[in-house]
Every structure is written in C-alpha cells, then in structure tokens.
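Here is the structure we will look at.
Each residue takes its place number in the sequence, starting with 1.
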Amino acid sequence: MSQHRPHTGHAWPHHLLTIEGMAAADIHTLLDTAETYVARNRAVDKKHKLLGGRTLINLFFENSTRTRTSFELAGKRLSMDVINISAATSSVGKGETLLDTAMTLNAMQADAIVVRHPHAGAVQLIAEKVDACVINAGDGAHEHPTQALLDALTIRRKKGRIEGLKVTICGDIANSRVARSNIHLLKTMGATVTLVAPPTLMPTAVDGFGISHTTNMHDGLKDADVVMMLRIQHERMSGRGIASVRDYFMNYGLNREKLSRAADDALVMHPGPMNRGVEIDTDIADDIARSAVLDQVEMGVAVRQAVLELLLSK
Ligand code: NCD
C-alpha cells in the first residue's frame with residue numbers, strides 16, 4: 001500500500017477538476033503515488049483493500065473506451081464498488097437535468113463521481129452541488145486532468161524527467177481538452193511546449209498561452225524530445241475544420257519523414273483513439289521503439305488509482 005501523502009503544506013483538494021492551478025509539488029506527489037501502483041498492476045494479484053466499502057460512479061455523457069475502463073479498473077483494484085452510467089443515449093444533458101442526475105447519485109452516498117461531459121464547465125457545476133469527490137474525465141474542450149497526469153507519468157518513466165524537455169503538441173489543438181491540460185502541466189513542470197496546428201485548428205487565444213506555436217509541422221518538430229499527436233475532434237467542429245483528410249495527412253500527419261526532424265530518441269504519444277492515416281501513419285503508431293501509446297494506457301490505470309487514493313483516503 002502506498003505511503004505517499006501530499007506534503008505540500010496544504011490539504012489535498014476534494015475534487016480534481018483541472019490541472020490549471022495545480023502546484024508542481026502536488027503533481028510530483030501524484031506521480032510518485034501512481035508509480036507505486038505500476039508494479040502492483042503487473043503482479044498476479046492486483047487488488048488493494050485501501051478503498052474497500054467506498055462507491056465510485058462513472059457518469060459519462062460522451063463516449064469513451066480508455067478513460068471509463070481505466071477508472072473502473074482503478075476503482076476495482078482499490079476494492080471499491082464501481083458502477084457505470086452512460087448518459088450518451090439518454091435525454092439528460094441540459095442544466096437542471098444534469099444537476100438532478102448528480103443530486104440523485106449523491107443521495108445514494110457515492111464517494112466519488114467521475115464525470116465526462118461535452119460542455120466545458122459542466123463538471124465544475126456538478127462538483128459545486130454534491131458531497132462526493134468529483135473527478136473531471138473531460139469537459140468539452142476545457143480540461144482532462146487525468147490524461148495529462150498519465151502522459152506526464154509516461155514521459156517521466158521513458159525520459160527520466162519532464163523538466164527541460166521539448167514537447168511538441170500537434171493537431172486539433174483548438175478542440176482538445178487533452179492539449180489544454182497538458183499545456184498547463186508541462187509548463188508547470190518546466191518543459192518547453194510548442195504547438196503545431198493548421199490555422200483553423202489553432203486556438204484563437206494562442207498568443208496568450210505564453211508558448212511557441214507554428215502552422216508548419218517541420219518547424220514545430222525540430223529537436224522535439226516528445227511528440228504528442230491529437231485526434232481531429234470531428235464532434236467539436238463548428239464550421240472550422242479540415243478541408244480534406246488527404247491534405248491534412250500530407251501537412252500534419254506524423255510519418256517517418258516528419259519525425260526525422262525531432263530528436264533521434266523522440267517519444268511519440270497519442271491519447272487515443274487514433275485515426276490512422278489522418279493524424280498518424282500506421283507505421284509510426286505501431287513502432288514499439290518510438291510509440292508510447294500503449295504505455296499511456298497502462299499508466300492511465302495507475303494514475304487514476306493515485307487520484308482515488310489521494311482524494312479519498314484522508
Ligand atoms: C481523449 C478525450 O476524450 O478527450 N481521449 C481519451 O480520453 N483517451 C482524446 C480524444 O478523444 O481524441
């Protein structure tokens with residue numbers, strides 16, 4: 001059982017809603033705690049008694065494979081009772097109904113509620129109304145904190161550090177909560193971040209991010225230690241998007257030729273689901289010497305266990 005506790009002089013917050021505002025010391029604590037679960041998850045007996053008797057509810061208003069399964073496994077490996085609610089096909093999703101759903105789950109004495117919602121700010125709204133710990137599993141294009149944390153753990157294990165690395169994030173930045181959470185985390189941890197996107201997929205407020213950005217992928221990849229590719233978020237496009245998949249792949253799809261601009265040992269990452277032949281060449285995606293995609297999935301379970309431990313075992 002992990003002995004790590006936050007030692008940053010303040011109590012661990014009740015909810016995990018954003019990476020923005022999180023201190024570097026807390027991120028280190030969380031990654032150290034997650035590290036203790038990595039070995040345990042590779043053992044035959046993966047179960048801890050730590051959170052036995054507690055209830056975790058996964059409340060997903062958007063589709064998910066990795067994140068939902070990962071939270072479910074994390075809860076079960078800590079002996080929690082876990083239930084999954086998929087609201088994507090139901091009529092919920094509007095203001096009051098959303099809160100009614102949350103209050104209902106709260107009345108059932110849930111200890112933790114993991115929420116994914118298509119609207120930025122919806123998870124925060126729920127957190128303000130319930131007693132349970134609320135964990136943001138992605139709200140619109142706003143934040144996806146556990147994805148940034150699992151990416152950080154993957155980078156730290158593969159590269160031995162985060163500070164001082166050059167990380168290039170490429171693709172649909174404008175619509176990506178993964179990009180936003182990663183930008184906050186990587187800046188806080190002392191990495192240098194460069195964004196690469198076509199003009200239509202670059203956030204309009206990018207100049208205020210305090211990081212470099214370019215529409216030229218060859219320039220953006222130069223000497224990168226880590227290359228993070230992002231999916232085109234077709235479901236979040238509102239008129240601005242890509243004209244043709246073929247052109248997009250030619251200019252922004254990661255292939256060997258473009259990757260050769262990065263450092264020789266550059267790590268390739270993608271949060272999944274991948275669109276092969278759109279943002280990433282299948283040859284790179286499957287290259288186990290370069291691609292950390294499945295390591296990211298593995299680290300996801302450990303990071304979510306750490307989050308549950310730190311939020312709930314106080
Ligand atoms: C991401 C998400 O849902 O924000 N996926 C994930 O959580 N692994 C990225 C995406 O959907 O492209």
Side-chain angles (χ1 to χ4, degrees), residues 19 24 27-28 30-32 34-35 37-39 41-42 66 144 146-173 176 178-179 181-197 211-231 249-303:
I19 295 291
I27 295 170
H28 278 298
L30 208 141
L31 299 183
D32 291 346
E35 195 67 59
Y37 288 107
V38 176
N41 286 340
R42 291 177 181 174
R66 273 151 287 267
H144 189 353
T146 57
Q147 179 69 45
L149 290 163
L150 75 86
D151 289 340
L153 184 60
T154 306
I155 295 172
R156 206 177 73 164
R157 288 175 66 91
K158 292 274 182 192
K159 295 280 174 201
R161 68 195 163 104
I162 298 172
E163 191 176 356
L165 293 179
K166 181 175 179 204
V167 182
T168 302
I169 307 179
C170 307
D172 184 358
I173 314 276
S176 176
V178 175
S181 289
N182 263 304
I183 292 166
H184 289 304
L185 186 145
L186 292 164
K187 278 176 70 178
T188 303
M189 301 300 269
T192 305
V193 184
T194 300
L195 304 180
V196 176
I211 51 179
S212 60
H213 56 92
T214 173
T215 55
N216 184 306
M217 192 158 172
H218 284 90
D219 292 346
L221 286 176
K222 192 168 175 331
D223 301 329
D225 299 300
V226 177
V227 182
M228 267 187 200
M229 300 306 300
L230 299 172
R231 182 177 66 90
F249 183 67
M250 210 162 71
N251 293 313
Y252 297 99
L254 186 66
N255 59 10
R256 291 250 170 237
E257 183 264 314
K258 293 195 191 81
L259 185 58
S260 69
R261 298 278 299 164
D264 290 342
D265 60 350
L267 194 65
V268 175
M269 302 175 73
H270 192 303
M274 285 188 283
N275 285 314
R276 290 164 183 262
V278 182
E279 68 264 359
I280 191 163
D281 195 352
T282 211
D283 171 46
I284 304 281
D286 294 335
D287 181 350
I288 52 166
R290 308 305 296 270
S291 163
V293 171
L294 295 177
D295 302 278
Q296 290 171 268
V297 176
E298 182 183 3
M299 295 310 127
V301 181
V303 153

Using modelled atom types only, decide if a donor and an acceptor are shared between the side chain of [X] and the backbone of [Y] within a distance under 3.5 Å.
X      : Y      : result
Thr194 : Gly220 : no
Arg290 : Ala266 : yes
Thr154 : Leu150 : yes
Tyr252 : Val278 : no
Lys166 : Ala262 : no

Looking at every non-hydrogen atom in both residues, tell me the closest pair between [X] and [Y] and how far apart they are.
X      : Y      : answer
Lys258 : Asn255 : N-OD1, 2.9 Å
Leu185 : Ala148 : CD1-O, 3.7 Å
Ala24  : Thr188 : N-CG2, 3.6 Å

When you look at Val193 and His184, which way does the side chain to side chain contact (heavy atoms under 4.5 Å, CB included) test go after all the steps? CA-CA 10 Å; Val193 184; His184 289 304; over 6 Å; no

Do [X] and [Y] have side-chain heavy atoms sitting under 4.5 Å apart?
X      : Y      : result
Arg256 : Asp287 : yes
Glu298 : Asn41  : no
Gln147 : Val303 : no
Leu221 : Leu259 : no
Asp151 : Val178 : yes
Asp225 : Leu267 : no
Arg157 : Asp295 : no
His270 : Glu279 : yes

Nearest-0.5 Å distance, [atom1] of residue [X] to [atom2] of residue [Y]:
X      : Y      : atom1 : atom2 : value
Asn182 : Met269 : CG    : CE    : 7.0 Å
Ile284 : Glu257 : CD1   : CD    : 10.5 Å
Met217 : Met250 : CE    : CE    : 13.5 Å
Ile155 : Arg161 : CD1   : CZ    : 11.0 Å
Asn275 : Thr282 : CG    : OG1   : 11.5 Å
Leu186 : Ile19  : CG    : CD1   : 10.0 Å

Other residues, nucleotides, ligands: >12 heavy atoms within 6.0 Å of Lys222 NZ: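 No.
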
From the options Asp286, Asp281, Asp283, select the one residue that forms a salt bridge (charged side-chain N to carboxylate O under 4.0 Å, His left out) with Arg276. Asp286

Should Arg156 and Glu35 be marked as a side chain to side chain contact (heavy atoms under 4.5 Å, CB included) after you check the CA-CA gap, both sets of side-chain angles, and the distance that decides it? CA-CA 10 Å; Arg156 206 177 73 164; Glu35 195 67 59; 3.8 Å; yes

State which residue, out of Val196, Thr168, Thr214, fulfils the side chain to side chain contact (heavy atoms under 4.5 Å, CB included) condition with Asp219.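 By the side chain to side chain contact (heavy atoms under 4.5 Å, CB included) criterion, Asp219 pairs with just one of Val196, Thr168, Thr214: Thr214.
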
Verdict with supporting geometry, Ile27 and Ile162, side chain to side chain contact (heavy atoms under 4.5 Å, CB included): CA-CA 11 Å; Ile27 295 170; Ile162 298 172; 6.0 Å; no

